[in-house]
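Counting starts at 1 for both ligands and their atoms, following the listed order. Positions are given from 1 along the sequence.
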Amino acid sequence: MDSLKVYAIALDGPSGAGKSTVAKIVAKTLKITYLDTGALYRALGYVCLKNGVDVNDGGAVEQCIKDVDVSIVYRDGVQSVIADGEDVSSKIRTPEMSMAASAVSAIPYVRQKLLGLQRVIAEKSSVILDGRDIGTVVLPQAEFKFFLTASAEERARRRFDELTAKGQTVTYEDVFNDVVTRDKNDSTRAIAPLKRASDAVEINSDNMSAQDVADFICSTVNGDLL
Ligand code: DC
């Protein structure tokens, strides 16, 4: 492959598989842009909850977000999500926001609204996008596709450690139940469900650190680019 060409890495998988940790390491190592696409769904979920809208009511959600301007800005390589001028990045990482994001992400209008933004970012420079439908819907032509999995128990443990490290008060059982519920929501929705693209390389990270997974992705990309 021509090393000067802009390329895209699609990194999909269920909640808590470690996608964002891995994607950050890969982006830094390969000096490419990282887009955490889940943050976009979280931002719209946040706007709905802030306005008292039922996140499972497609019509009400559409009405609430149709004029909301969602954008991404990068400061020193770190992504911030802006919704109607408000930087919501620090407000969208709670279990409540995870469930709200999962609910609104099943609404076709929401997915359509966020599709263009993701593709525009991916066109500008080489990127790694993490999400659920990057390899299947957002960037089906991505040069590199990976599907990162881990058992539900392991994913819940990682999420639990992450949340408690941030000072949030959660129980392992609640986090585990959230993981299982989101897996079900995200993989059974009618539009762009969580699914491995047929040409994606599956990586089970149960016994791999984030660095191990990132090294595998970087060596695959570098091997192809050389
Ligand atoms: O990756 P995350 O946990 O921040 O994502 C939050 C929710 O957003 C997830 O439960 C499903 C939805 N999502 C999606 O449907 N498609 C994506 N590309 C990314 C996230």
Side-chain angles (χ1 to χ4, degrees), residues 8-24 27 34-49 55-56 58 61 65 70 72 79-81 83 88-122 127-140 142 145-150 152 155-156 158-163 166 168 170 174-197 200 205 210:
I9 306 172
L11 179 59
D12 290 304
S15 320
K19 299 184 298 294
S20 65
T21 311
V22 167
K24 280 180 197 153
Y34 165 46
L35 176 62
D36 163 10
T37 66
L40 301 172
Y41 294 91
R42 288 170 182 268
L44 290 182
Y46 167 82
V47 170
C48 291
L49 292 185
V55 289
N56 293 300
V61 168
I65 61 150
V70 183
I72 295 285
Q79 163 184 322
S80 293
V81 196
V88 300
S89 317
S90 63
K91 299 176 181 153
I92 57 175
R93 296 289 155 201
T94 63
E96 187 189 17
M97 293 302 157
S98 301
M99 295 310 283
S102 183
V104 300
S105 74
I107 300 168
Y109 182 84
V110 169
R111 304 205 72 83
Q112 197 53 40
K113 182 177 170 87
L114 297 177
L115 191 57
L117 173 60
Q118 297 172 73
R119 286 183 175 158
V120 165
I121 292 172
V127 285
I128 177 162
L129 268 65
D130 89 44
R132 305 293 186 289
D133 63 337
I134 308 303
T136 50
V137 176
V138 179
L139 302 175
K145 295 184 186 179
F146 300 93
F147 193 80
L148 187 60
T149 63
R155 289 184 286 120
R158 291 177 192 168
R159 249 303 124 83
F160 175 77
D161 289 348
E162 193 181 303
L163 292 169
K166 279 192 207 156
Q168 295 190 27
V170 287
D174 284 348
V175 175
F176 178 80
N177 289 335
D178 278 6
V179 161
V180 172
T181 307
R182 280 215 285 155
D183 281 358
K184 184 159 176 279
N185 287 352
D186 296 345
S187 53
T188 58
R189 66 178 176 230
I191 176 168
L194 165 67
K195 195 169 124 209
R196 183 176 77 82
S205 71

Participant: Would you say Ser187's side chain and Pro193's backbone share a donor-acceptor pair under 3.5 angstrom?
Facilitator: no
Participant: What is the distance from atom CG of Leu40 to atom CZ of Arg111, rounded to the nearest 0.5 Å?
Facilitator: 10.5 Å
Participant: Would you say Asp130's side chain and Asp36's backbone share a donor-acceptor pair under 3.5 angstrom?
Facilitator: no
Participant: Please confirm whether Arg189 comes under 4.0 Å of ligand 1, counting heavy atoms of the residue only.
Facilitator: yes
Participant: Is the CD atom of Gln112 crowded by more than 12 outside heavy atoms at less than 6.0 Å?
Facilitator: no
Participant: Write out the residue and atom name of the closest protein heavy atom to atom 8 (O) of ligand 1, then the distance separating them to 0.1 Å.
Facilitator: Tyr41 CB, 3.6 Å
Participant: Looking at Ser105, which atoms of ligand 1 are within less than 4.0 Å of one of its heavy atoms?
Facilitator: 11 (C), 12 (C), 15 (O)
Participant: Can you check which of Asp186, Thr136, Ile134 brings a heavy atom nearest to atom 11 (C) of ligand 1?
Facilitator: Asp186
Participant: So, Arg159 and Asp178, do they make that salt bridge, N to O below 4.0 Å?
Facilitator: no
Participant: Starting from atom 19 (C) of ligand 1, locate the nearest protein heavy atom and write down its residue, its atom name and how far away it is, to 0.1 Å.
Facilitator: Thr37 OG1, 3.4 Å
Participant: Tell me every residue that passes salt bridge (charged side-chain N to carboxylate O under 4.0 Å, His left out) with Asp161, counting only those two or more places apart in sequence or in another chain.
Facilitator: Arg157
Participant: Tell me whether Lys195 at atom NZ has more than 12 heavy atoms from other residues, nucleotides or ligands lying less than 6.0 Å away.
Facilitator: no
Participant: Under 3.5 Å between any N/O of Arg111 and any N/O of ligand 1: does that happen in this structure?
Facilitator: yes
Participant: Using a plain distance cutoff, I'd like to know if Ser98 has any nitrogen or oxygen under 3.5 Å from a nitrogen or oxygen of ligand 1.
Facilitator: no
Participant: So which bit of Ser102 gets within less than 4.0 Å of ligand 1, heavy atoms only: side chain, backbone, both or neither?
Facilitator: both
Participant: Quick one: look up the protein heavy atom nearest atom 1 (O) of ligand 1 and list residue, atom name and how far away it is.
Facilitator: Arg132 NH1, 2.9 Å
Participant: Please report which non-hydrogen protein atom sits nearest to atom 4 (O) of ligand 1, along with the residue it belongs to and the distance in Å to one decimal place.
Facilitator: Arg42 NE, 2.6 Å
Participant: With heavy atoms of Gly131 as the reference, note each atom of ligand 1 found under 4.0 Å away.
Facilitator: 17 (C), 18 (N), 19 (C)
Participant: For atom 18 (N) of ligand 1, tell me which residue out of Leu40, Asp178, Asp133 has the closest non-hydrogen atom.
Facilitator: Asp133
Participant: Return yes if some donor-acceptor pair links the side-chain N/O of Lys166 with the main-chain N/O of Arg93 below 3.5 Å, else return no.
Facilitator: no
Participant: Does Gln118 have a heavy atom less than 4.0 Å from any atom of ligand 1?
Facilitator: no
Participant: Which bit of Arg182 is near ligand 1, meaning a heavy atom under 4.0 Å away: side chain, backbone, both or neither?
Facilitator: side chain
Participant: Taking salt bridge (charged side-chain N to carboxylate O under 4.0 Å, His left out) as the test, write out the residues that go with Asp186, two or more places apart.
Facilitator: Arg132, Arg189
